[in-house]
Amino acid sequence: MKKTWIALILCAALALTGCKAAVSQPSEPMKTPVQSGKEEGAQPNDYRPAIMVDGILYFDTGEYSDEARCGVMDGEITSTVPQTQLPTKDNESNFGKCEYQRWDENRIDVLIGDKWCIFKSEDAPAETTATLWIVDGAQDGYLMLAGNESGEIYYLNAKAQGVEIRLDGAAADASALKNGMKIKVKYSTALYTYPMTLSGNIQVDASSETTTKEQCAGQYDLCGLYLKALEDLWNTDTALNDSIESVSVDLSNAPGALTDGQKDAIAWIFAARHQAECLTMTYSQLRDEGYLTAAENAGDASGKEPAMQWENGILFTVEAPEQAPSAEDGTLWFSVGKWRSPLGARRLENCKAEQDECGAWSDYQAGTQAAA
C-alpha cells in the first residue's frame, strides 16, 4: 500500500510543477550577466534578464536546467520593457516574450530558445536546514518526513542522485535510516506539492543515538505504532469502510507527545493508503462543518441533538483510555476507534505498548473490543 502514497505524491508533483520530474541534473552556465539587479555605478544596460510573476522579480542566474519535464507550461510572458528597465507588472520581462514553469516560490524556469534558463528571486535562500522525523518509508528509501508544525510534512527519495546521507558523521546509504529517526535535512529545493517534495542536492544527517547494543537504532517510533493500530482497526469489521471517500484521523488526544507535523503525516499516510481524502477533524468539527447528517429516526421530541452519521466518510481516533491502568516507565496505554454512525463503530480499548530494549515502540497488545 506504500506504493499508493508514493504515486499520489509523484502525480501531485507533476501537476503542480508543469510535469517536471524531481530529478536533479548538473547545470552549466549561460552567457548572461550575473550581477543582481543593478549595482551602484552600473550602466543602465547592465540589467540582467528578469521577469515579474505574482509581483516578484526573478533574475537570470546564468544557469540552465536539464531536469526532466514535459510540455505543460505554468505561464507566459506577454509583455516586455527595454533591457534598460526592470519589469513592473506580472508576466512582463526585459528581454522578450517566452513561456515558463514554476519550480518553487523562489525559482522559475524560463524557456528561451531551446534552453530552460533558471531564474531566481533575490530572496531565494541558498539552502535550508530543517529538523525532521522519519514517519514512514525507511525500509525502502521513500521517506515521509514530519516537522514540528501543522502541515510540515515532506517526501524524500533517499536513494535519488544528489542525496548525501551521513550517520554519526560518517558516510552512509539509505539503509542506515530507520523509521522514527530524528534527522537534519539540508536542501535547496522543495516542490510545492502536499506533502512538499524535497529534491536537488540534499544532505541528511542522522544519529544512531549511541547505545550499548549494536543492533539498536534507539528510535522512538510512535508514529509507526499508531499507523499499525489504525491499520489493524481498518481491517476489523471492514464493512464499515465500504464506499468511503474521506478519512478523518483525530490524534488531538493521542498520548505520547506527537508533534503537530507528525499527527498530520500519520493522517495523510493512512488516508493515502486507502485512497481517500485526508482530514484531521474531530467529531465536533466534522459536525460543525457539515460533513455529518442526521441518522434515520434520530433524536426525539425532547429537543436533544439528533444522532449523526457520516454517509461517505469514516472517523478514526487515537486517545488515552478513560480508565487506563497505572502507567509505568516504558509503557503506553491508548485506545483506538473508528466511527461512521451510531450503529457503525468499533473500538479497541486499553491497548498496551511497551518500549523494547532499544527504546522503540515496536508493537502493542490489543485490549477489549467494543462494537456499536
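- Minimum interatomic distance between L167 and S207 (heavy atoms only, all atoms of both residues): CD1-C, 4.0 Å.
- Classified by interplanar angle (parallel below 30°, tilted 30° to 60°, perpendicular above 60°), the ring pair F270/W234 is perpendicular.
- Relative to the ring axis of F316, K338 does not place its NZ or CZ within 45° and under 6.0 Å from the centre.
- Residues S341 and Q309 bring no donor and acceptor atom of their side chains to less than 3.5 Å of each other.
- A salt bridge links D54 with R102; the closest basic N to acidic carboxylate O contact falls under 4.0 Å.
- Of all non-hydrogen atoms in P195 and I153, the two that sit nearest each other are CB-O, 3.5 Å.
- In the model, Y187 has no side-chain atom that pairs as donor or acceptor with a side-chain atom of N201 under 3.5 Å.
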Legend entry - T282 and D250: CA distance, side-chain angles, deciding distance, side chain to side chain donor-acceptor pair (under 3.5 Å) verdict: CA-CA 5 Å; T282 65; D250 175 15; 5.3 Å; no
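- Two residues are said to be in side-chain contact when any heavy atoms from C-beta on lie closer than 4.5 Å; L332 and L225 meet this criterion.
- Here CG of D109 is found 7.0 Å from CH2 of W116. Values are rounded to the nearest 0.5 Å.
- Side chains of K89 and S79 form a contact here, defined as non-hydrogen atoms less than 4.5 Å apart.
- To the nearest 0.5 Å, the span separating CG on L315 from CE on M281 amounts to 11.0 Å.
- When every heavy atom of A146 is checked against every heavy atom of V135, the shortest pair comes out as CB-CG2, 3.6 Å.
- Interatomic distance, E322 CD to S335 OG, rounded to the nearest 0.5 Å: 8.0 Å.
- No hydrogens or angles considered: a donor-acceptor pair under 3.5 Å links the side chains of Q139 and N179.
- To the nearest 0.5 Å, atom CD1 of residue I266 and atom SG of residue C278 are 11.0 Å apart.
- Of the charged side-chain nitrogens involved, at least one lies within less than 4.0 Å of a carboxylate oxygen, so that E319 and R347 count as a salt-bridged pair.
- Counted within 6.0 Å of CD on E277, heavy atoms from surrounding residues, nucleotides or ligands total more than 12; the atom is thus considered enclosed.
- In the hydrophobic cluster analysis, where Ile, Leu, Val, Met, Phe, Trp and Tyr join through side-chain heavy atoms closer than 4.5 angstrom, F119 is grouped apart from V81.
- Applying the salt bridge (Lys or Arg N to Asp or Glu O under 4.0 Å) test to K186 and every residue at least two apart in sequence or in another chain returns E127.
- Residues A267 and L279 share a closest heavy-atom pair of CB-O, 4.3 Å.
- Side chains of K97 and T80 form a contact here, defined as non-hydrogen atoms less than 4.5 Å apart.
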Inset, instruction - Would you sort out whether F95 and F59 count as a ring-ring contact (aromatic ring centres under 6.0 Å, His included), showing the intermediate values? - result: CA-CA 11 Å; F95 59 86; F59 292 94; over 10 Å; no
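- At a threshold of 4.0 Å, the pair E354-K352 counts as salt-bridged, since one of the basic side-chain nitrogens sits closer than that to a carboxylate oxygen.
- Judged by distance alone, the side chain of D90 and the main-chain N or O of G55 form a donor-acceptor pair under 3.5 Å.
- Put simply, the side chain of N94 gets close to the backbone of A50: a donor and an acceptor are under 3.5 Å apart.
- Evaluated for a side chain to side chain contact (heavy atoms under 4.5 Å, CB included) with L156, the options L177, L132, V163 yield exactly one hit, V163.
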Inset, instruction - Show the numbers, then the answer: is there a side-chain contact (heavy atoms from CB on, under 4.5 Å) between Q203 and V185? - result: CA-CA 6 Å; Q203 180 178 315; V185 182; over 6 Å; no
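- Under a 4.0 Å N-O distance rule, the pair R346/D237 qualifies as a salt bridge.
- Between L111 and K115 there is no side-chain heavy-atom pair separated by less than 4.5 Å.
- Note on V249: it clusters hydrophobically with Y194, by side-chain heavy-atom contacts below 4.5 Å among ILVMFWY residues.
- Of the inter-residue distances, the one linking T317 atom OG1 with N253 atom CG reads 9.0 Å to the nearest 0.5 angstrom.
- No side-chain donor from either of Q262 and D260 sits under 3.5 Å from a side-chain acceptor of the other.
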Inset, instruction - Could you check N350 against Q365 for side-chain contact (heavy atoms from CB on, under 4.5 Å), going step by step and ending with a plain yes or no? - result: CA-CA 9 Å; N350 292 333; Q365 299 174 1; over 6 Å; no
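- Interatomic distance, CD of E99 versus CD1 of I112, reported as 12.5 Å (0.5 Å rounding).
- Cluster annotation: Y291 and Y283 are assigned to the same hydrophobic cluster (Ile/Leu/Val/Met/Phe/Trp/Tyr, side-chain heavy-atom contacts under 4.5 Å, transitive).
- Panel note: side chain E152, backbone N148; a donor-acceptor pair is recorded below 3.5 Å.
- A side-chain donor from one of N312 and W310 sits under 3.5 Å from a side-chain acceptor of the other.
- The shortest side-chain heavy-atom distance between T88 and E92 falls under the 4.5 Å cut-off.
- Annotation: side chain of K120 is not in contact with side chain of N106 (no heavy-atom distance under 4.5 Å).
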Inset, instruction - Mind running ring-ring contact (aromatic ring centres under 6.0 Å, His included) on Y100 and Y58 for me, showing each step along the way? - result: CA-CA 12 Å; Y100 61 83; Y58 296 83; 8.5 Å; no
Legend entry - D173/R166 under salt bridge (charged side-chain N to carboxylate O under 4.0 Å, His left out): CA gap, chis, key distance, verdict: CA-CA 8 Å; D173 59 26; R166 301 182 67 83; over 6 Å; no
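- D221 and K228 are not joined by a salt bridge, as no carboxylate oxygen comes within less than 4.0 angstrom of a charged side-chain nitrogen.
- The nearest pair of heavy atoms linking Q285 to T280 is OE1-O, 4.1 Å.
- Side chains of Y364 and D232 form a contact here, defined as non-hydrogen atoms less than 4.5 Å apart.
- Summarising the geometry of M144 relative to I269, their closest heavy-atom pair is CG-CD1, 3.5 Å, with the distance given to 0.1 Å.
- W103 places none of its side-chain heavy atoms less than 4.5 Å from the side chain of I118.
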